[in-house]
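Below: one structure, written as structure tokens.
Keep in mind that this is a model prediction, so the values were computed, not measured.
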Amino acid sequence: MTESNGAIPHEVTMPEWEKRFRAPRVSLPDWAEDAPHRSLFVSNATGTYELYAWDRATGAQRQVTDRPNGTTDGVLSPDGEWIWWFDDKDGDEFGIWRRQPFAGPEAEGGSTGSTGSGRSGGSGGSGGSTGPGGPDAPAAPGLDPSYPAGLALGRDGRTAIVGRSTDEDGSTIYVSRTGEDPVEVYRHRESAGVGDLSHDGTLIAVEHTEHGDAMHSALRVLRMDGSAVSELDDTKGGTAELGLEVLGFAPVAGDTRLLVGHQRRGRWEPMVWDVVSGEETDLELASQLDGDLSAEWYPDGSALLVVNSFEARSELWRFDLATRELERVPTPKGSVSGATARPDGSVEYLWSSSAEAPVVRSTSGEVVLDPPGMKAPESVPVEDVWVTGPGGRIHALVQRPAGASGPLPTVFDIHGGPTWHDSDSFAAGPAAWVDHGYMVIRVNYRGSTGYGREWTDALKHRVGLIELEDIAAVREWAVSSGYADPDRLILTGGSWGGYLTLLGLGTQPEAWALGIAAVPVADYVTAYHDEMEALKAMDRTLLGGTPEEVPERFEASSPLTYVDAVKAPVYISAGVNDPRCPIRQVENYVTRLAARDADHEVYRYDAGHGSLVVDERIKQVRLELDFAERHLGG
């Protein structure tokens with residue numbers, strides 16, 4: 001195939017699938033609590049995902065960061081004066097927080113100085129850099145580089161609660177004040193992170209897994225000196241079985257209520273916990289709504305904005321805390337990937353469906369943020385399929401080329417995480433396969449979120465093998481229904497999906513004609529020893545120990561164990577700076593393929609766990625499409 005030289009084709013001749021990647025996108029804007037006219041959002045307007053500041057009062061927008069590999073992790077201070085952003089090196093996710101004034105570095109007189117958990121996250125950036133206008137200052141001087149573990153900014157403009165994670169220290173949390181040395185208030189070997197800071201800046205909510213189960217957090221509230229105020233821990237016999245999460249302190253001065261997510265009825269739902277009195281208020285929303293529920297406060301603290309995720313789609317609701325009345329916030333059918341209540345009572349939300357590209361809308365009836373330039377072409381709607389599997393009913397999302405009849409070449413596009421799920425939302429990757437004549441099937445296997453706690457927690461010990469049982473059941477449905485061509489089945493995915501791809505090619509060698517794995521786990525033992533500390537904790541939870549403690553489980557779940565059984569051609573792409581699925585363990589797998597002259601291709605790129613550069617992402621999709629065409633035909 002012809003490699004791209006970086007030039008952007010004219011919009012008229014550009015293929016539809018490529019337009020979906022190039023079309024400008026924006027995230028849901030975050031706004032400053034005490035200056036709601038100031039917002040921060042992410043956009044790919046320059047061809048690389050970067051942070052942007054937006055003054056709604058004047059309409060002015062400016063680019064905040066400008067790095068070769070992009071930037072997406074940023075926080076706006078409550079007073080709207082400062083933008084914090086995380087500076088790593090080429091996507092390795094290891095770095096420090098920097099900041100610049102909302103108005104730009106030049107507002108300070110020129111140069112201001114020198115410098116979560118699953119595998120599906122990650123971003124890429126180049127260190128040392130800056131926002132247009134000059135280098136940014138270190139936001140928390142005195143703190144060495146680390147993996148980020150949460151950040152909360154005080155409304156006094158000078159206080160920050162900084163979470164850190166390193167292999168040497170485990171999890172640490174610091175109080176950082178302008179002009180003072182940072183003060184450590186928390187330390188533990190197991191995973192922990194900053195949840196939130198109270199409105200008056202006196203209480204810190206921490207999520208921790210000191211009990212050793214990285215899949216289910218407990219909560220602790222600390223004073224600013226590190227002393228404990230209260231604890232909430234839904235564990236049994238010392239082993240966590242139910243998770244908790246911080247959703248946010250009440251946005252009212254002197255209010256000690258904390259909004260908490262819990263799993264006490266087998267799925268996520270919110271409750272209110274007064275961290276001083278200990279009173280817990282059950283909102284009983286699960287009796288009115290199906291699926292998982294999350295929430296955030298309305299700005300005056302009188303109501304909650306509830307996000308209801310059910311069977312791969314989501315809706316919004318307003319819950320009045322005084323009357324306990326639940327009122328639906330109208331949104332189209334599809335998925336809401338972010339929502340926020342504004343001070344005027346309106347709700348802004350980022351919505352999309354499998355057919356329609358994301359857009360930031362408001363209940364006031366307007367499109368909130370509509371970037372100029374080309375618009376992403378529509379794709380085909382998703383169809384819901386339910387298949388009986390060994391662990392229960394499996395939900396799969398199917399997209400077929402318009403007007404096509406089977407049997408079709410079929411792509412099983414497996415999501416990452418594993419604690420994640422595919423939804424009826426816009427995805428340029430699957431849409432590209434559909435444009436090329438493939439049916440695309442996405443499976444919410446056991447381990448996926450959104451189908452109850454038992455479904456999500458089913459992975460333990462037989463990691464990878466359980467997910468593949470569910471994928472095999474959906475594969476059998478696709479073939480027996482006549483929709484899928486059994487001789488042209490592609491198994492593909494990124495991150496955990498890439499891991500399942502390689503594991504599936506080795507444990508189900510007769511089932512797949514082709515495998516395409518992006519940033520995968522390929523050698524589980526080496527991956528464990530090389531990966532970031534938070535993922536080591538997750539792997540110990542999933543497999544019940546370290547590779548030295550439970551070697552048989554790591555061996556059974558490692559793609560490297562089955563590499564000699566792989567029959568299908570394999571394509572692998574990997575970021576050389578990836579801290580989640582490190583490059584050494586990928587090379588170990590590739591070496592074994594090469595030793596027996598197995599049909600394989602490898603593409604290595606200079607970034608981390610995925611790329612934030614549009615040209616790079618398009619290049620990767622083009623290489624995958626070309627690999628499939630060469631091996632399976634047009």
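Taking 4.5 Å as the limit, every side-chain heavy atom of Ile173 sits out of range of all side-chain heavy atoms of Val162. The closest side-chain heavy-atom distance from Ser353 to Phe426 is not below 4.5 Å. Residues Leu203 and Met224 form no side-chain contact, since every pair of their non-hydrogen atoms from C-beta on lies 4.5 Å or further apart. For the pair Leu40 and Ile83, the minimum side-chain heavy-atom distance is below 4.5 Å. The shortest distance between side-chain heavy atoms of Met532 and Pro582 does not fall below 4.5 Å. The shortest distance between side-chain heavy atoms of His208 and Ser217 does not fall below 4.5 Å. Annotation: side chain of Trp17 is in contact with side chain of Leu625 (closest heavy-atom distance under 4.5 Å). Two residues are said to be in side-chain contact when any heavy atoms from C-beta on lie closer than 4.5 Å; Leu28 and Glu348 meet this criterion.
Considering only residues two or more places apart in sequence or on other chains, Glu207 meets the salt bridge (charged side-chain N to carboxylate O under 4.0 Å, His left out) condition with none of them. By the ring pair (Phe, Tyr, Trp, His ring centres under 6.0 Å) test, Phe86 is found to be paired with Trp97, residues two or more places apart in sequence or in another chain being considered.
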Checklist entry - Yes or no on side chain to side chain donor-acceptor pair (under 3.5 Å) for Ser346 and Arg342, after CA distance, side-chain angles and deciding distance? => result CA-CA 5 Å; Ser346 65; Arg342 294 278 294 169; 5.3 Å; no

Item to check | side-chain contact (heavy atoms from CB on, under 4.5 Å) assessment of Val260 paired with Leu219 | outcome: CA-CA 9 Å; Val260 170; Leu219 307 183; 3.7 Å; yes

Checklist entry - Could you go step by step and tell me if Tyr499 and Tyr524 meet the side-chain contact (heavy atoms from CB on, under 4.5 Å) rule? => result CA-CA 9 Å; Tyr499 158 64; Tyr524 217 141; 3.8 Å; yes

Checklist entry - Do Ser425 and Ser423 pass the side chain to side chain donor-acceptor pair (under 3.5 Å) test, and can you show the C-alpha distance, the side-chain angles, and the key distance before you say yes or no? => result CA-CA 5 Å; Ser425 57; Ser423 62; 2.9 Å; yes

Next on the checklist: Does Thr419 form a side-chain contact (heavy atoms from CB on, under 4.5 Å) with Thr456? I'd like the steps, not just the answer.
Outcome noted: CA-CA 7 Å; Thr419 50; Thr456 303; 3.9 Å; yes

Next on the checklist: Pair Thr48, Asn69 - check side-chain contact (heavy atoms from CB on, under 4.5 Å), show working.
Outcome noted: CA-CA 7 Å; Thr48 301; Asn69 283 343; over 6 Å; no

Checklist entry - What's the verdict on side chain to side chain donor-acceptor pair (under 3.5 Å) for His415 and Asp422, showing C-alpha distance, side-chain angles and the deciding distance? => result CA-CA 6 Å; His415 72 74; Asp422 278 314; 5.1 Å; no

Item to check | Trace of the side chain to side chain donor-acceptor pair (under 3.5 Å) decision for Glu184 with Tyr174 | outcome: CA-CA 4 Å; Glu184 182 182 298; Tyr174 287 81; 3.1 Å; yes

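Between Asp169 and Arg189 there is no salt bridge, since none of the side-chain N atoms of the basic residue sits less than 4.0 Å from a carboxylate O of the acidic one. For Lys19 and Glu16, the salt-bridge test passes: some basic side-chain N is under 4.0 Å from an acidic carboxylate O. Look at Glu587 and Arg604 and you find a salt bridge, because one of the NZ, NE, NH1 or NH2 atoms lies within 4.0 Å of a carboxylate O, short of that distance. Between Arg62 and Asp55 there is no salt bridge, since none of the side-chain N atoms of the basic residue sits less than 4.0 Å from a carboxylate O of the acidic one. By the 4.0 Å N-to-carboxylate-O rule, Glu180 lies close enough to Arg158 to be salt-bridged with it. Under the 4.0 Å criterion applied to side-chain N and carboxylate O atoms, Arg442 and Asp413 are not assigned as salt-bridge partners. Residues Asp87 and Arg67 are paired through a salt bridge, judged by an N-O separation under 4.0 Å between the basic side chain and the carboxylate. Using a 4.0 Å cut-off between a side-chain N of Lys or Arg and a carboxylate O of Asp or Glu, Arg155 and Asp79 do not qualify as a salt bridge.
Other residues, nucleotides and ligands contribute only 12 or fewer heavy atoms inside 6.0 Å of the CG atom of Asp181.
For the residue pair Arg164 / Ser171, no side-chain donor-acceptor distance below 3.5 Å is found, with atom types taken as modelled. The closest side-chain donor-acceptor pair between Gln620 and Glu624, if any, does not fall under 3.5 angstrom. Asp136 and Trp85 form a side-chain donor-acceptor contact under 3.5 Å, judged by distance and modelled atom types alone. A donor atom on one side chain and an acceptor atom on the other are found under 3.5 Å apart for His609 and Asp578. Inspection of the Trp268 and Ser294 side chains reveals no N or O donor paired with an N or O acceptor under 3.5 Å.
Across Val621 and Ala432, no two heavy atoms sit closer than the pair CG1-CB, 4.2 Å. Closest approach of Pro270 to Leu247, counting heavy atoms only: CB-CD1, 4.1 Å. Contact between Leu197 and Phe249 at its shortest, heavy atoms only, is C-CD1, 3.6 Å. Shortest non-hydrogen contact noted between Ser379 and Ala431 is OG-CB, 3.5 Å. Listed here is the closest heavy atom pair of Gly154 and Pro78: O-CD, 3.7 Å. Residues Pro29 and Val360 share a closest heavy-atom pair of CD-CG1, 3.9 Å.
Under a 3.5 Å cut-off, the side chain of Trp84 and the backbone N or O of Ala139 do not form any donor-acceptor pair. Within the 3.5 Å criterion, the main-chain N or O of Pro520 finds a donor-acceptor partner in the side chain of Gln585.
Taken to the nearest 0.5 Å, the CD1 atom of Ile516 stands 12.5 Å off from the CD1 atom of Ile414. Taken to the nearest 0.5 Å, the CE atom of Met538 stands 10.5 Å off from the CD atom of Glu531. The line from OH of Tyr52 to CD of Gln61 is 9.0 Å long, rounded to the nearest 0.5 Å. Phe94 contributes atom CZ, which lies 11.0 Å from atom CG of Asp88 (distance to the nearest 0.5 angstrom). Between the OH atom of Tyr49 and the OG atom of Ser611 there is a distance of 10.0 Å, given to the nearest 0.5 Å. Atoms OG and CG, from Ser352 and Asp424 in turn, are 7.5 Å apart once rounded to the nearest 0.5 Å.
Ring-centre distance between Tyr571 and Tyr603: not below the 6.0 Å cut-off.
When each of Ile204, Val185, Asp196 is tested with Ile161 by the rule side-chain contact (heavy atoms from CB on, under 4.5 Å), just one qualifies, namely Ile204.
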